[in-house]
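For reference, the structure discussed in these notes is given below.
Along the sequence shown, residues carry numbers from 1. Atoms within each ligand, like the ligands themselves, are counted from 1 in listed order.
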Amino acid sequence: MSFDYMFKVILIGAAGVGKTSLIKKYIDDTFTPFQKSTIGVDFKTKDVEIEGKIVRLQIWDTAGQEKFQISFSSSIYKNADIFIVVFDLMNEESLNKIGSNLNEIENNCRIDPLIVIVGNKSDLIEKENGNVEERINEILKGRELKLFKTSAKDGTNVNELFYEIAKTFKET
Ligand code: GTP
């Protein structure tokens with residue numbers, strides 16, 4: 001099938017935050033409680049129809065664990081249109097890694113990509129706490145990036161996240 005627009009989308013973030021799970025939930029509507037770690041990189045595509053236009057998302061999954069990162073992994077960042085920087089809402093360390101994730105993008109991507117921040121595993125949070133937003137704002141140092149809180153387990157905001165990204169074709 002042909003398409004009108006194509007976006008290369010890359011998910012990055014600490015190990016175990018749910019990058020693979022978010023992609024699986026979005027593409028296959030499945031969730032695996034014991035998802036295996038990603039080794040190297042992998043991509044899947046999904047076509048989204050918006051206002052009569054077909055937007056093809058080429059969605060790349062990357063390894064969060066350093067030992068599974070391949071030497072050329074940052075070379076795939078070069079011509080990426082969109083980055084989804086994922087952290088785990090229950091894991092402070094993964095939140096603290098966002099700064100270095102953003103540096104990685106800056107150092108390896110040639111174009112000025114769209115970046116969104118995703119706090120995943122919202123199903124594990126019993127009540128909302130405003131601290132996450134505060135920490136994100138500190139980390140972003142004035143940059144305004146959209147934050148989504150998702151759950152790859154129950155599906156909260158997963159379609160919304162990818163739809164929001166696909167919709168940006170209107171601004172290109
Ligand atoms: P790496 O490949 O190591 O970088 O990990 P990843 O970021 O791709 O995480 P992955 O999708 O492999 O998920 C890690 C673990 O968290 C798995 O056991 C998942 O089942 C679990 N998990 C992922 N997303 C969610 C979620 O939204 N809620 C809950 N409760 N568990 C989740």
Inset, instruction - Please lay out, stage by stage, how Thr168 and Asp81 fare under the test side chain to side chain contact (heavy atoms under 4.5 Å, CB included). - result: CA-CA 10 Å; Thr168 56; Asp81 304 291; over 6 Å; no
Would [X] count as a polar contact of ligand 1, with the cut-off being nitrogen or oxygen pairs under 3.5 Å?
X: Pro33; value: yes
X: Asp61; value: no
X: Gln65; value: no
X: Ser122; value: no
X: Gly18; value: yes
X: Leu124; value: no

Which atoms of ligand 1 are found less than 4.0 Å from any heavy atom of [X]?
X: Thr32; value: 19 (C), 20 (O)
X: Gln35; value: 10 (P), 11 (O), 12 (O), 17 (C), 18 (O)
X: Gly64; value: 1 (P), 4 (O)
X: Thr20; value: 8 (O), 11 (O)
X: Ala15; value: 3 (O), 4 (O)

How far is [atom] from its nearest protein heavy atom, and which residue and atom is that?
atom: atom 27 (O) of ligand 1; result: Ala152 N, 2.8 Å
atom: atom 31 (N) of ligand 1; result: Phe31 CZ, 3.7 Å
atom: atom 7 (O) of ligand 1; result: Lys19 NZ, 2.8 Å
atom: atom 23 (C) of ligand 1; result: Ser21 OG, 3.3 Å
atom: atom 21 (C) of ligand 1; result: Lys121 NZ, 4.0 Å
atom: atom 28 (N) of ligand 1; result: Asp123 OD1, 2.7 Å
atom: atom 2 (O) of ligand 1; result: Thr38 N, 2.7 Å

Minimum heavy-atom separation for [X] to [Y], with atom names?
X: Leu57; Y: Ile165; result: CD2-CG2, 4.2 Å
X: Thr20; Y: Gln35; result: CG2-NE2, 3.4 Å
X: Ala80; Y: Ile10; result: CB-CD1, 3.6 Å
X: Ser94; Y: Val17; result: CB-CG1, 3.6 Å
X: Lys19; Y: Thr62; result: CE-O, 3.3 Å

Distance-only donor-acceptor hits, side chain of residues 42-50, under 3.5 Å, sequence neighbours excluded:
from  : atom 1 : to    : atom 2 : distance (Å)
Lys46 : NZ     : Tyr26 : O      : 3.3
Asp47 : OD1    : Arg56 : NE     : 2.8
Asp47 : OD2    : Arg56 : NH2    : 3.0

Pick one of side chain, backbone, both or neither for how [X] approaches ligand 1, counting any non-hydrogen atom pair under 4.0 Å.
X: Val17; result: both
X: Asn120; result: side chain
X: Ser37; result: both
X: Val86; result: neither

Legend entry - Which residues share a side-chain hydrogen bond (donor to acceptor under 3.5 Å, both in side chains) with Lys8, sequence neighbours left out: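 So Lys8 forms a side-chain hydrogen bond (donor to acceptor under 3.5 Å, both in side chains) with Asn79.
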Legend entry - Side chain to side chain, Lys25 and Thr150, heavy atoms closer than 4.5 Å: no
Inset, instruction - Any chance you could lay out the side chain to side chain contact (heavy atoms under 4.5 Å, CB included) test for Lys149 and Leu89, step after step, and finish with the verdict? - result: CA-CA 8 Å; Lys149 290 181 188 172; Leu89 287 162; 4.3 Å; yes
Inset, instruction - Mind running side chain to side chain contact (heavy atoms under 4.5 Å, CB included) on Ile84 and Phe148 for me, showing each step along the way? - result: CA-CA 10 Å; Ile84 301 179; Phe148 286 85; over 6 Å; no
Legend entry - side chain to side chain contact (heavy atoms under 4.5 Å, CB included) evaluation trace for Ile139 with Arg135: CA-CA 6 Å; Ile139 291 166; Arg135 269 301 283 138; 3.8 Å; yes
Legend entry - N-O pairing of Glu104 and Lys97 below 4.0 Å: no
Legend entry - Winner among Gly119, Gly16, Ala14 once heavy atoms are compared against atom 5 (O) of ligand 1: Gly16
Legend entry - Crowding at CD, Glu66 (>12 non-hydrogen neighbours, <6.0 Å): no
